[in-house]
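Below: the structure, in structure tokens.
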Amino acid sequence: MKEYRTITQIAGPLVFVEKTEPVGYGELVNIVLYDGSIKRGQVLDTSDELVVVQVFETTAGIGRDSGIRFTGETIKMPVGRDMLGRILSGGGKPIDGGPEIVPEKRLDITGAAINPYARGSPNDFIQTGISTIDGTNTLVRGQKLPIFSGAGLPHNQIALQIARQAKVPGSKEAFAVVFAAMGITKEEANYFMQDFERTGALERAVVFLNLADDPAVERIITPRLALTTAEYLAFDLGMHVLVILTDMTNYCEALRQIGAAREEVPGRRGYPGYMYTDLAGIYERAGIVKGKKGSITQFPILTMPGDDITHPIPDLTGYITEGQIVVSRELHRKGIYPPINVLPSLSRLMNLGIGKGHTREDHKKVSDQLYAAYAEGNDLRGLVAIVGKDALSERDRMFLEFADLFENRFVRQGYTEDRTIEETLDLGWNLLSTLPVEQLVRIDRDLINKYHPKFRQTAKAEG
Amino acid sequence: MEVKAQDTKTTKTGVLKRIAGPVVTAVGIEAHMYDVVKVGKEELMGEVIKIQGENIIIQVYEDTSGIRPGEPVINTGLSLAVELGPGLLTSIYDGIQRPLSVLVDKMGDFIQRGVSAPGLDHSKKWEFRPLVKEGQEVGPGTVIGEVQETNIVHRILVPPNVKGGTVKSIRSGSFTVDEVICTLDDGTSLTMMQKWPVRVPRPVLEKMNPTVPLITGQRILDGLFPIAKGGTAAIPGPFGSGKTVTQQQLAKWSDAEIVVYIGCGERGNEMTEVLTEFPELEDPKTGKPLMERTVLIANTSNMPVAAREASVYTGITIAEYFRDMGYDVSLMADSTSRWAEAMREISSRLEEMPGEEGYPAYLAARLSEFYERAGRVRTLGGKMGSVSVIGAVSPPGGDFSEPVTQNTLRIVKVFWALDAKLSQRRHFPAINWLNSYSLYLDSLQEWYDREVSPEWNSLRSWAMEILQKEAELQEIVQLVGSDALPEAEQITIEVARMIREIFLQQNAYDAVDTFCDMKKQYDMMKAIRQYSDLAYAAQNAGVTPQQILSVRSKNELPQIKFIKDYVPALAKIQADMESEFNALRSAA
């Protein structure tokens, strides 16, 4: 392989090389340092005069004397069955002291878009055992549902609880987990690893670790390696894969860093204008393919800078993903776990996975009613702060109490408490029964007669 | 043509000089703006978007990874065009009219590159029935025959760019879209297919004023903020506020004859939902599957960005083609913000001087050119047809002051403002009744008088007044609580709540409530008005607000939404209300 020593400029993670042979866009590049060590990069811009290479690691040690080797191919990921149970670096190299991965296939890490016509419809209900997800923001197989959190909130616990408890009722298959850490601390990484080991989840997991002190630019490829692995497990081996990506905020920061180094025209808050397309290239790799057995369900986690949901990172994510689970600082301060605020949370695919044949016929209506009642009660809290409880009408007082009950009984649950969907829905009915029946305007009479505790008991008594 | 063919060798093939993502530069090629070119050894499809001396800048519709400088570039000399003819309906295309089903056959479940596929099936035979005779004069837009495509009759037109003349021969029978079905005296031969460049609007005889509403079966839209057939509307809203559901409801239930749905840079799973749902749903008018009147364009967010830019033009050209047959077409674009972002992405790769928030300076011009292709028109063939355009807008952070929303609002006539607060409260459709507007109310007034009821317009104004009043009262309630309000205003609050919960809220997932015709809308609103009138009368007669608010029969009103044959049930509720209030009044 020809080696060039024609570097003209090094700026941030970018290396400019001239007088090369024709080089392909997106090609993988090896950079040979004076001590013989090799760094990797990718071609970002190519012309007959100048080639711009983005280096995945730090550029420390790269100089005009470094050699450049173009590999002639785009970045490929070796994948194989024996990846399960392994821990790899953010760049895809084993770091658990085990042997190299025996590749069964080498796949392009960019991944091709699933043809919308070939997509299968996601409609298998996943029971996570968490009421605020199963009951009011239901997850289905093939969905991408991010967790919007903030610094210092227990999003990692929630992600782990989901990874541990997620199952499709009636199906014996466990999920394989692909876990990609981007820029998280060693401590956080250990927390995940220990839990995986303790519960035995590691056996069916592939872990990619790019820690806080690893090169930021490497974060650009970490999620792509993880998803390429997930696609192999799902669509070649027929497994149901749960992909956890944390923390997407760090990924976006890396994206901004490269944009700035390339002197691109920045979009909102300095993030590149193509961030939407770039994120879509990651999130859209969730899904089901018609006629194939496996599936990819994604749980990206991101911390909203300043808890601001309109910040470009959560904003663009929300426009691509099928809903979001919002973790609330207020509930966390009240000591409620999991502090999921259902009001801004949403699952767009919920309606595909609930109702008769999936969960229970009353699911949709119960969920709507819980939402509406909690929203109303929550609004009244502001009013109470001004006029006091006594100035409220009787109806208002009931809704106010409902909001407290909802948080304390429906939202709050144990870290290892695994509620079935029936338990969640019955709990919902019990809470709703504290309101007068005529206030349940979102539920039709038939369902009220069948499931409302009051009528259920009379029906039983008569029966 | 002859002359051009001679110098093909010297000018039609050049070489690549530079590749930077979806934008590449070629030299040694003669090209015109928007010529379609084939890039590299794999012949990826691209389009000339800038000419700079020697350098021809091309946007490529497919992934350019691995393409090197020095690879060939071929100019086709044609601009980006769509194939128009029988076979469009029920199709699902990517942004450059490649049928996605054909792509699955050719390259599997994932989108690979370098595969071309014509928009129409060129081997399928269609039964053609001529409607003109030999010796008859025809001109651009004349219907020369028809094909029963689905339950929709596909009219075959003389293309707008054909001069016309006398029919020399015409034949009936079963033909492919390539076979000549008709010849004219000047030697022109016509097939069932025509090609049209997507960036050029198809010509019409004249544009007319819209006077008929596009009925959508959505109460807040038809009732309060209607769009006219041939009109334009924008639905801006933050994520999760229900843009896509609203767009899909419109695609399902609007009373247009043809629906073109563009999924522009949106979610793959959503397109799957449309694909699985539409063939099963029935058109409320014809009882046939909705898919039979639909053309879908799906260029999801992870498909190439240049094709996303083109998808909107592909869609509107297909819409115009059906309009030219004399149909009412509605076009949904979800989302125009993704389209604008595609423009921004390409503009920034061209290193153009950016305008506001990095969008190109020509953003406003492109948006207005697009919306201006809507309209109710007299076609070249003298028929009446229309294209209504409904564009979703996805403002970052839900901030309506951003450039795409603002430039859109300057053009469109109807504004349906989605509101995240409403959707969090599960008030769907989450359209804010105070911020939304329709500028078609005046021109549609006559239609509502005639087709619904002479009372409707005043009933609408009454409802809007109550809602406006409620917003003012809510500010007071926030401070002092509802019990402190004067009696009459407590009733106003209750009536407003009924309008919101009974009339405005509509369940898209309920088999009955998903579509509500104008008659039912009118009946529902009238029942609420009746309660209101009775309540104020009772209050004047000295009945207390507590008694008025606890009238039991009104609690049955929300159930009307879910009943198909609602008339007897509604009549009973109205009679019950009447007698309950009578009892209250006589007791007072």
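Every chain is numbered from 1, with letters handed out A, B, ... down the list of sequences. The shown structure was predicted, so the numbers you read here are calculated from the model rather than taken from an experiment.
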key: Region of B:Arg308 in contact with chain A, defined by heavy-atom distances below 4.5 Å   = side chain

key: Between B:Glu345 and A:Thr277, a side-chain donor and acceptor under 3.5 Å   = yes

query = Within the side chain of B:Asn269, is there an N or O that forms a donor-acceptor pair under 3.5 Å with the backbone of A:Gly142?
reply = yes

query = Any donor-acceptor pair under 3.5 Å linking the side chain of B:Arg267 with the backbone of A:Thr321?
reply = yes

request  = Indicate yes or no: at least one non-hydrogen side-chain atom of B:Asp510 is less than 4.5 angstrom from one of A:Lys365.
outcome  = yes

query = Given the options A:Asp379, A:Asp396, A:Ile386, A:Asp444, which has more heavy-atom pairs under 4.5 Å with chain B than any of the others?
reply = A:Asp379

ask   = Between B:Asn302 and A:Ala280, what is the shortest heavy-atom contact and its length?
value = CB-O, 3.8 Å

query = Are B:Gln546 and A:Glu394 side-chain neighbours, meaning at least one heavy-atom pair lies under 4.5 Å?
reply = no

query = Which heavy-atom pair separates B:Thr300 from A:Pro116 by the least distance, and what is that distance?
reply = CG2-CG, 3.9 Å

Chain B interface, residue from A:Ala372, A:Gly287, A:Pro344, A:Gly281 that has the most non-hydrogen pairs under 4.5 Å = A:Pro344

remark   = All heavy atoms of B:Arg344 vs all of A:Gly273, minimum pair found to be NH2-O, 3.7 Å

ask   = Between B:Thr244 and A:Arg348, is any side-chain donor less than 3.5 angstrom from a side-chain acceptor?
value = no

message = Between A:Lys290 and B:Asp109, does any NZ, NE, NH1 or NH2 come within less than 4.0 Å of an OD or OE carboxylate oxygen?
response = no

query = Where is the tightest heavy-atom contact between A:Val441 and B:Glu501, given as atom of each residue plus distance?
reply = CG2-OE1, 4.2 Å

task = Please lay out, stage by stage, how A:Thr310 and B:Asp399 fare under the test side-chain contact (heavy atoms from CB on, under 4.5 Å).
result = CA-CA 9 Å; A:Thr310 67; B:Asp399 169 16; over 6 Å; no

query = Under a 4.5 Å heavy-atom cut-off, does chain A meet the side chain of B:Lys561, its backbone, both or neither?
reply = neither

inquiry  = Report which part of A:Asp108 has an atom under 4.5 Å of a heavy atom belonging to chain B: side chain, backbone, both, or neither.
reply    = neither

key: Top contributor to chain B interface from A:Arg268, A:Glu438, A:Lys144 [non-hydrogen pairs under 4.5 Å]   = A:Arg268

Validation row: B:Arg425, A:Glu376 side chains within 4.5 angstrom (heavy atoms) = no

request  = With the side chain counted from C-beta on, respond yes when A:Arg442 and B:Asn507 share a heavy-atom pair under 4.5 Å apart, and no when they do not.
outcome  = no

inquiry  = Is B:Glu402 in contact with chain A via its backbone, its side chain, both, or neither, using a 4.5 Å heavy-atom distance?
reply    = neither

ask   = Testing B:Val104, B:Leu296, B:Val102 for side-chain contact (heavy atoms from CB on, under 4.5 Å) with A:Tyr117, which one passes?
value = B:Val104

query = chain B heavy atoms under 4.5 Å from A:Tyr374: which part of the residue, side chain, backbone, both or neither?
reply = neither

Interchain contact, B:Leu103 with chain A, by part (heavy-atom threshold 4.5 Å) = both

note = Note: B:Glu273 and A:Leu349 closest approach over all heavy atoms is OE1-CD2, 4.3 Å

task = Against chain B, label A:Ile443 side chain, backbone, both or neither, depending on which of its atoms sit under 4.5 Å from a heavy atom there.
result = backbone

request  = Check whether A:Tyr276 gets within reach of chain B through its side chain, its backbone, both or neither, counting any heavy atom under 4.5 Å.
outcome  = side chain

ask   = Under 4.5 Å between any side-chain heavy atoms of A:Arg119 and B:Met271, yes or no?
value = no

inquiry  = Taking the six-membered ring of B:Phe562 as reference, does the cationic atom of A:Arg445 (NZ for Lys, CZ for Arg) lie under 6.0 Å from its centre and within 45° of its axis?
reply    = no

request  = Mark yes or no for whether A:Tyr319, through its side chain, and B:Pro395, through its backbone, hold a donor-acceptor pair below 3.5 Å.
outcome  = yes

remark   = Minimal heavy-atom distance between B:Arg426 and A:Asn137, with the atoms involved, is NH2-OD1, 4.3 Å

key: Interface moiety of A:Val23 toward chain B, non-hydrogen atoms closer than 4.5 Å   = backbone

ask   = Between B:Arg68 and A:Glu27, is the closest basic N to carboxylate O distance under 4.0 Å?
value = yes

